[in-house]
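I have placed the structure first, in the form of structure tokens, so that the comments after it can refer back to it.
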2 protein chains.
Amino acid sequence: MDQDKKPPKMDINTETKIKNAARVVFHKKGFAATRTRDIAEEAGINLALLNYYFRSKQKLFDLIMFETMHGFLQSIFEVFNNDTTTLEQKIETMVNRYIDLLLTNPDIPIFLLNELRTHPEELVAKMGMKDILMDTHFLKQFQSAINEEKITTLNPLHFIMNLMGMVIFPFMACPIIKGVSGVTQSEFETLMQERRVLVPKWIHTILHNK
Amino acid sequence: MDQDKKPPKMDINTETKIKNAARVVFHKKGFAATRTRDIAEEAGINLALLNYYFRSKQKLFDLIMFETMHGFLQSIFEVFNNDTTTLEQKIETMVNRYIDLLLTNPDIPIFLLNELRTHPEELVAKMGMKDILMDTHFLKQFQSAINEEKITTLNPLHFIMNLMGMVIFPFMACPIIKGVSGVTQSEFETLMQERRVLVPKWIHTILHNK
DNA sequence: GTCTATAACGTGATAGAC
DNA sequence: GTCTATCACGTTATAGAC
């Protein structure tokens with residue numbers, strides 16, 4: 001929509017370089033602990049350019065925050081609204097998508113939840129997720145399964161909290177887990193890989209146990 | 001150990017007032033976003049007094065961080081090392097303790113995990129938790145149960161991640177959950193109360209399903 | 001567009017009166 | 001011990017040359 005030359009992987013334009021650097025640093029340290037100098041250095045450019053392209057630290061942050069939030073919720077939305085998959089398939093896909101995401105970007109959950117404490121639900125509202133998530137194919141399937149007594153009666157929110165908690169929490173608690181258990185980063189990642197199959201199995205067990 | 005008059009609830013001494021205020025503000029905003037002036041205001045005292053009693057923002061923070069971490073891990077330690085309780089009782093107690101804690105102090109998990117990203121495992125090590133948590137009555141019970149084939153074979157770390165994830169994650173994601181689902185704070189707390197009995201039930205189901 | 005230099009501001013910490 | 005006033009410093013943001 002801007003230019004017709006999408007940067008061909010290298011020799012990326014300055015604006016993108018800054019945005020990528022900002023994403024990395026903001027995700028790792030949060031808004032308050034991040035200095036614009038950190039971002040400039042990470043991007044390999046001059047500090048003044050940051051303000052030239054994005055006006056202010058806050059504006060740049062808002063951009064990163066929105067994109068991160070969008071990317072994070074987008075997965076839920078896509079999977080939950082796919083009306084060609086079963087409930088079990090949706091669970092499996094969700095788990096795999098988030099483990100993929102978090103193995104690569106383990107900082108995202110704490111970044112998001114930490115920043116959302118300050119800017120309360122203004123951003124959540126801005127995402128407009130409330131309307132589209134509360135009327136998904138998933139919820140209809142879930143309700144049907146309960147009505148037909150195929151699964152245990154259960155508030156869908158409890159279900160989602162369990163799913164997200166089992167997948168996301170381990171990544172957030174990674175430093176503390178490694179600290180008290182002594183596992184290495186590599187061993188930790190192996191554990192997370194195991195959870196691709198374990199979590200759906202556990203969720204299934206919970207749902208079908210009367 | 002200091003004085004023999006433990007403050008009788010009101011007319012608390014200045015040092016304690018500052019520490020309590022620091023705990024509130026640090027927990028809510030984290031180290032970087034907290035200004036010493038915020039703490040002074042919350043405590044109802046002058047900014048200079050903060051430095052008079054605690055020398056620096058960092059020193060005061062280290063104190064709060066240590067106490068918070070200690071209080072948080074202490075519960076796990078106590079419950080896991082109680083050799084008069086069954087595995088099932090330990091689970092139930094853990095869940096109830098943490099739900100109690102988090103209903104009152106919902107900021108603690110994000111505070112801890114967020115700050116632990118920067119000061120990596122130096123603090124975890126300082127707590128000396130590694131040694132005492134890796135040789136608990138709980139782990140022996142867990143291993144015995146597996147050997148006697150009473151429960152499914154399962155890495156205890158997976159078990160602990162599930163337990164903590166199901167209990168703690170919902171509190172961390174509270175703003176996002178309320179944002180996308182539309183539940184009120186009061187309804188959210190009711191859901192958390194329900195989880196006192198639901199989580200142990202789910203954990204039991206997972207453990208005993210072959 | 002990109003840089004250097006600097007202005008403008010906020011924050012942690014202290015000096016010194018009481 | 002407690003306060004007011006102020007210093008010292010780091011950080012965001014901009015002015016202006018190239």
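Here is how names work: the chains are called A, B, and so on, in the same order as the sequence lines, proteins then strands, and each is numbered from 1.
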| query | Got a sec, which pairs hit salt bridge (Lys or Arg N to Asp or Glu O under 4.0 Å) with one end in residues 43-62 of chain B, sequence neighbours left out? | reply |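 Listed once each, the pairs would be none.
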| task | Just jot down the salt bridge (charged side-chain N to carboxylate O under 4.0 Å, His left out) partners of A:K19, sequence neighbours excluded, or say none. | result | A:E67
| salt bridge (charged side-chain N to carboxylate O under 4.0 Å, His left out) involving B:R35 - partner list, sequence neighbours excluded | B:D38
| Roughly, in whole Å, what's the span from CZ in B:F54 to P in D:dT2? | 12 Å
| task | Using a cut-off of strictly less than 4.0 Å, decide whether A:T14 has a side-chain nitrogen or oxygen near OP1 or OP2 of C:dT2. | result | yes
| message | At under 4.0 Å between heavy atoms, how does the protein contact nucleotides 4-18 of chain C? Give one character per nucleotide, 5' to 3', with B, S or -. | response | B------BBBB----
| request: Keeping to residues at least two apart or across chains, list the ring pair (Phe, Tyr, Trp, His ring centres under 6.0 Å) pairs with something in residues 33-55 of chain A. | output: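 Every pair satisfying ring pair (Phe, Tyr, Trp, His ring centres under 6.0 Å) with a residue in residues 33-55 of chain A: there are none.
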| task | With sequence neighbours left out, write down each residue that passes side chain to side chain contact (heavy atoms under 4.5 Å, CB included) with B:V180, or none if nothing qualifies. | result | A:V124, A:M129, A:L133
